[in-house]
Structure formats: C-alpha cells, structure tokens
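Read through the structure below, which is laid out as structure tokens, and then see the notes.
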Amino acid sequence: SHLWDRQRCPTPSPVKMSTAHGVTNMGYVPGPPMVQPTAQVYVTSSPAVQFRPNPRDYVLWSFFNTMFCNFCCLGFVALTFSIKARDRKVLSDLNGAEAYARTAKQYNIAVTVLTALVIAICLTSVIISTASAR
C-alpha cells in the first residue's frame, strides 16, 4: 500500500554514460525518489540567531515634556531626538536608534528634574510667603 516500495521502484542499475569529451564512465540513471529506512540524517547547527528588541524612542515622554514641562526648550530638543530615534528604527539602523534614544532619554530626565525643582521652589516660596504674611 506504500506509494514507493522496493518492488515497484528497484534500485537503479549502472549504465555507461558518455561525457562531453567522449570518455565513458559508469553512472546511474536517475529514477523516482526512494525511501530507505536506514538513512542517516546529519544535522548541522547554524549559528544561533539572537533576538534584539527594538530600542525605545521615548516619543510620548518627549511630547509630554514639550507640551507641559518645556524648561528652556529642552523638551523640544528631547522630542527632536525621539523622532530621530524613531526614524532610525524604521530604517533598521538599531545602533543609530539606540544612540538617539539614549540622548532623548537624557534630555527628558533633565527636563523632568528641572521642572520638578522649579515647581518645588515655587511651592516652597508660596508657602513661606503666606506663612510669614499671617
């Protein structure tokens, strides 16, 4: 019931074949594929493909800092570097994307810290001025 068994597909017999230079040698006539139960399979291992995740581009954080915490226009600079990081990621330049994203992250941290300091100083001065007015 097998599609290819040995009775229907005997092993090919050697025949004389001629080459382009007129020399004859022994060869095999190509036939249908045969299944041999004792075939050895050699598995070669290919180098492991390492998965490298896409770098973050911090566009939302930069946009928030540009709209609400734009201390000395550093939020806009962070947004510019975030967009450059996203462009590099689209072009599959992951090293360039990581460099721009790292710079955008540093600017975002600086803007967030400086804005928090300004807000803290303003609140402290308001609390001190209202306490001393009483």
Side-chain angles (χ1 to χ4, degrees):
S1 296
H2 294 287
L3 185 63
W4 302 102
D5 57 357
R6 290 190 182 271
Q7 292 175 351
R8 291 187 186 161
C9 298
T11 57
S13 58
V15 295
K16 287 189 176 184
M17 298 179 68
S18 62
T19 61
H21 303 291
V23 179
T24 60
N25 61 1
M26 300 299 288
Y28 287 97
V29 176
M34 295 179 47
V35 178
Q36 296 180 358
T38 58
Q40 294 180 347
V41 177
Y42 295 99
V43 178
T44 59
S45 62
S46 62
V49 178
Q50 294 180 350
F51 176 72
R52 184 174 175 188
N54 285 335
R56 297 183 62 186
D57 51 18
Y58 305 106
V59 170
L60 291 177
W61 189 12
S62 299
F63 185 74
F64 176 81
N65 283 339
T66 302
M67 290 294 117
F68 302 112
C69 309
N70 201 7
F71 186 79
C72 295
C73 294
L74 291 178
F76 181 71
V77 174
L79 182 63
T80 303
F81 279 103
S82 295
I83 291 172
K84 285 183 177 185
R86 182 168 282 187
D87 290 343
R88 291 294 174 177
K89 187 168 52 171
V90 168
L91 293 174
S92 298
D93 179 16
L94 296 183
N95 292 330
E98 284 178 356
Y100 282 124
R102 190 174 353 168
T103 305
K105 181 180 178 181
Q106 291 168 352
Y107 276 114
N108 281 324
I109 290 171
V111 170
T112 304
V113 168
L114 289 173
T115 303
L117 285 174
V118 168
I119 290 172
I121 289 171
C122 289
L123 285 177
T124 304
S125 65
V126 167
I127 291 172
I128 290 174
S129 66
T130 56
S132 63
R134 291 185 185 178

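Being a predicted model, the structure only gives us computed values, none of them experimental. All residue numbers refer to positions in the sequence shown, counting from 1.
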CG (Leu123) with more than 12 external heavy atoms under 6.0 Å:
yes
Do other residues, nucleotides or ligands put more than 12 heavy atoms under 6.0 Å from Lys105 NZ?
no
What is the distance from atom [atom1] of [X] to atom [atom2] of [Y], rounded to the nearest 0.5 Å?
| X | Y | atom1 | atom2 | answer |
| --- | --- | --- | --- | --- |
| Lys84 | Thr103 | NZ | OG1 | 9.5 Å |
| Asn54 | Arg88 | CG | CZ | 15.0 Å |
| Arg86 | Tyr58 | CZ | OH | 13.0 Å |
| Asn65 | Leu79 | CG | CG | 9.5 Å |
| Tyr100 | Thr80 | OH | OG1 | 11.0 Å |
| Thr66 | Trp61 | OG1 | CH2 | 12.0 Å |

Single-linkage hydrophobic cluster Val77~Ile109, side-chain heavy atoms < 4.5 angstrom
no
Under 4.5 Å between side-chain heavy atoms, counting indirect links through other Ile/Leu/Val/Met/Phe/Trp/Tyr residues: same cluster for Ile83 and Met67 or not?
yes
Taking the six-membered ring for Trp, are Phe81 and Tyr107 parallel (under 30°), tilted (30 to 60°) or perpendicular (over 60°)?
parallel
Using the six-membered ring wherever Trp is involved, compare the ring planes of Phe64 and Phe68 and label them parallel, tilted or perpendicular (cut-offs 30° and 60°).
tilted
Check [X] against [Y] and note the closest heavy-atom contact, atom names and distance.
| X | Y | result |
| --- | --- | --- |
| Ser132 | Ser129 | OG-O, 3.2 Å |
| Ala97 | Lys89 | CB-N, 3.8 Å |
| Leu74 | Asn70 | N-OD1, 3.6 Å |
| Val111 | Phe71 | CG1-N, 4.4 Å |

Can you confirm whether [X] sits close enough to [Y] that some side-chain heavy atom of one is under 4.5 Å from a side-chain heavy atom of the other?
| X | Y | value |
| --- | --- | --- |
| Leu114 | Val118 | no |
| Leu94 | Pro55 | yes |
| Asn95 | Asp93 | yes |

Apply the test side chain to side chain donor-acceptor pair (under 3.5 Å) to residues Ser62 and Asn108: give CA-CA distance (whole Å), side-chain angles for both, the deciding distance (0.1 Å), then the verdict.
CA-CA 6 Å; Ser62 299; Asn108 281 324; 2.9 Å; yes
Say whether, by atom type as modelled, one donor and one acceptor occur between the side chain of Thr115 and the main chain of Thr112 under 3.5 angstrom.
no
